[in-house]
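What you see is a predicted model, and the numbers here were worked out from it, not measured in a lab.
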Amino acid sequence: MCGIFGCIGRISEENAKKCIKSISHRGPDAVVVKELEGITLAHARLSIMDISESANQPMADSTGRYWIVYNGEVYNFLELRRELEAKGYRFRTDSDTEVILYAYIAWGMDFQYKCNGMWSVAIWDNLKKECFFSRDRFGVKPFYYFEQDGNFYFASEMKAFFPIMNERKINYRIFEKKDYFTYEATENCCIRDIKKILAGHCGSYRSGQLYTERWWNTLEHLMEVPDEYDEQVGMLRDFFLDACKIRMRSDVPIGTALSGGVDSSAVAGAMRYLSQNKASYINKDWQHAFVASMPDTVLDETRYAEMAAEHIGVEIQKVMVNAAISPSDLFGYMYICEDPYITSPIPFMQTYGSIVKEGIKVTIDGHGADELFGGYGSDLFYAALEVREDDEACREVLKTFNNMALAEHRVTFQQLRERVEALRNAADMTEDRNEDKIGVFNRRLYRQTHREVLPTLLRCYDRYSMGNGLEIRMPFMDYRIVCFAFSVPMQSKTNGGYTKKIVRDMAAPFMDRRVMYKKPKVGFNSPMTEWLQGEMKEFVLDTVHSRDFLECGLLNSLDTCIKVSEFYKLEQASYTDGESIWVSLVPYLWKKAMGL
């Protein structure tokens, strides 16, 4: 896991060093700049696989024709290496980087289909003077590019371009829409003129032009699944255990952010199961569990995290999240994150920062399961839409919704019907003809996995972790599990009063059932209402009455002042009340953090 930067064209070594050092938090172990004819490549390394200097990047093949800079991990690199060795290739390191380089040389663009992992990669052909780019199936790893004065630049973060940009301008359209969940899956960025290579896309830069194409579409890789539910559970369990196994390949100790929720607990239970069953090629030093503790808030799940840790026989370390930080620290967190988001980065940055302080460079976490398997309460309205002609089935969905929801969010059968009717037209809209292969409920999950919620969360967790020099590995984002998730019917995901039913049943054999079948759902988030009424109150009031705020062109400052004033008059503010205040403040806070 690392940070990459490149310039096809002309750039001074001094400027190239400034650019890569601006994202050296991603890779504090080694920073290298390599100048070649036609391109300058730079790399900031976080050493995880083969931690020797011989595995540093930029890396060349044995002939010196091909050069690679790469951010990510390909977990099945041992299997790919054996294939390549059988074809006559020889390796001088034990890194996955060298495997990817030779995989590209051996198989061309088709190497992408063989890789199981997360990556953004650039490979320079020093003979043809062309550069190949690839981004993983789901965009777990970022890839930005920017053109200026005849040069083509690419990097892991937008801020890598700041030292050489003639001018930084805000993309006002993103703030006009006030929707922070849809632009991440597009080329658009919050800084004008910077663009992305999209998830599941690859391309090349040759003769002064960028050419891109889509190489991955999940809906073209759906699989045959058994009709019997128990067999589906077994199939998912096999995929999940193997996904965890190959993600336990590491030359440094492994940790886990154990929230006490279903998904992170499933991961922790699987690691213990694999270790007890002496799985091959895994790091046995994995017993480092951490939980973000936010006492006296609705989001604190320490009790369940402790249950999960006790079940797998490890001590859990509490990270006491502290909202009483200086404004400069808050703006520093937001600068690392680069993009506006609906909640504060404080608990995430502090949690992963504390993990790193304990000597951990890698965590294996449970991100992605909610989007794939229907973990959000709002998903159930689409489940009801799918079975809207069947009153009994609708009532079963209602039972699940109310079982999993906090009391303040529960609905009546009539309210459910009204929500379903409101969704009918929107649910019929498809952007991909392949969506017709799946039902209404799975179509909803496909959109939030590939176009809405998950791309944004993946970006955020990349910044939260890499901002601290930490790699997050996500077994649920294994492409086999993603394809499986859209191949099983709605009834396998929501039934018996539970969301994500197949995930719970899959993981139950290796985790405490009190954790696997707990309800309602509480996500890892920021308790904004408590913080705004407590530690952050003075900061918020000072902010909305400042001259800078009143003159900020990204929001209606007067309306926001009124909204904040009304919030502080509430006798009992809800979680959503606090989140709404934060979202109102985000444009100004982001602008100030980015120095714009």
Side-chain angles (χ1 to χ4, degrees), residues 1 25 28 46 48 244 247-248 250 252-275 282-297 299-323 325 329 333 336-337 343-370 457-458 460-477 507 510-512 515-516 518 522-527:
M1 187 66 67
H25 47 266
L46 183 65
I48 290 171
C244 290
R247 283 162 178 78
M248 291 178 75
S250 168
V252 296
I254 297 168
T256 186
L258 185 54
S259 70
V262 170
D263 313 325
S264 64
S265 299
V267 169
M271 288 198 289
R272 180 213 188 198
Y273 175 88
L274 290 164
S275 182
I282 66 171
N283 191 318
K284 300 299 195 298
D285 188 0
W286 59 270
Q287 302 89 344
H288 307 278
F290 302 83
V291 60
S293 181
M294 294 174 274
D296 303 320
T297 74
L299 298 180
D300 189 69
E301 287 196 294
T302 303
R303 180 166 66 96
Y304 287 102
E306 289 173 337
M307 285 182 194
E310 182 181 2
H311 186 82
I312 62 174
V314 302
E315 285 190 26
I316 193 163
Q317 298 186 52
K318 293 182 183 179
V319 177
M320 303 304 295
V321 176
N322 176 24
I325 63 174
D329 284 344
Y333 288 164
I336 288 289
C337 293
T343 195
S344 166
I346 291 173
F348 313 98
M349 293 295 294
Q350 290 184 357
T351 298
Y352 288 114
S354 295
I355 292 173
V356 171
K357 288 177 182 177
E358 294 299 321
I360 303 299
K361 289 184 177 182
V362 181
T363 64
I364 304 181
D365 296 348
H367 309 303
D370 283 327
L457 293 181
L458 293 175
C460 289
Y461 277 99
D462 174 82
R463 303 304 192 278
Y464 301 147
S465 59
M466 297 308 295
N468 286 292
L470 177 84
E471 172 177 299
I472 298 179
R473 299 177 174 184
M474 308 176 188
F476 283 108
M477 294 309 300
F510 40 78
M511 181 43 67
D512 191 322
V515 176
M516 280 297 102
K518 78 180 185 71
V522 178
F524 183 21
N525 219 314
S526 300

Would you name the heavy atoms of Ala266 and Ala507 that are closest together and state the gap between them? CB-CB, 3.6 Å
Do Leu46 and Pro28 have side chains that get closer than 4.5 Å, going by heavy atoms? yes
Quick one: which of Asn283, Val314, Ile282, Thr256 gives a side chain to side chain contact (heavy atoms under 4.5 Å, CB included) with Met271? Thr256
At their closest point, which heavy atom of Ala268 faces which heavy atom of Leu258, and how far apart are they? CB-CD1, 4.1 Å
Nearest-0.5 Å distance that lies between atom CG in Leu470 and atom CD1 in Ile355: 6.0 Å
Donor-acceptor pair, Arg247 side chain versus Arg473 backbone, under 3.5 Å? no
Determine, step by step, whether Tyr461 and Asp365 satisfy the side-chain contact (heavy atoms from CB on, under 4.5 Å) criterion, reporting the C-alpha distance in whole Å, the side-chain angles of both residues, the deciding distance to 0.1 Å, and the verdict. CA-CA 11 Å; Tyr461 277 99; Asp365 296 348; 6.0 Å; no
Contact summary for Ser293 and Thr302, nearest pair of heavy atoms: OG-OG1, 3.6 Å
Report yes if some heavy atom in the side chain of Glu471 is under 4.5 Å from a heavy atom in the side chain of Thr363; otherwise report no. no
Quick one: pull up OH in Tyr464 and CG in Leu457 and give me the separation to the nearest 0.5 Å. 8.0 Å
How long is the gap from CE on Met474 to CD1 on Ile364, to the nearest 0.5 Å? 11.5 Å
Just jot down the side chain to side chain contact (heavy atoms under 4.5 Å, CB included) partners of Ser354, sequence neighbours excluded, or say none. Val319
Do the side chains of Gln350 and Tyr333 get nearer than 4.5 Å, heavy atoms only? yes
Listed by chain and number, what are the side chain to side chain donor-acceptor pair (under 3.5 Å) partners of Asp285, not counting sequence neighbours? His288
Tell me, yes or no, whether the heavy-atom count around Tyr273 atom OH, taken from other residues, nucleotides or ligands under 6.0 Å, exceeds 12. no
Verify, without hydrogens or angle tests, whether Ser465 (side chain) and Asp462 (backbone) share a donor-acceptor contact under 3.5 angstrom. yes
Here the gap from Met320 atom CE to Thr351 atom OG1, rounded to the nearest 0.5 Å, amounts to 11.0 Å
Looking at every heavy atom in both Met477 and Gly368, which two are closest together, and how far apart are they? SD-CA, 4.0 Å
So which heavy atom on Ser275 is nearest to which on Lys284, and how close? OG-CD, 4.3 Å
Rounded to the nearest 0.5 Å, how far does CG of Asp512 lie from OH of Tyr304? 10.0 Å
Heavy-atom side-chain proximity of His367 to Ile472 below 4.5 angstrom: yes
Do you know the tightest heavy-atom contact between Gly261 and Ser259? N-OG, 3.1 Å
Taking the side chain from Asn468 and the backbone from Met349, do they hold a donor-acceptor pair closer than 3.5 Å? yes
When rounded to the nearest 0.5 Å, the distance separating CZ of Phe510 from OG of Ser265 is 11.0 Å
Applying side chain to side chain donor-acceptor pair (under 3.5 Å), which residue pairs with at least one partner in residues 306-323 are found, sequence neighbours left out? Glu306-Lys318
Close side-chain approach of Ile360 to Phe290, heavy-atom, < 4.5 Å: yes
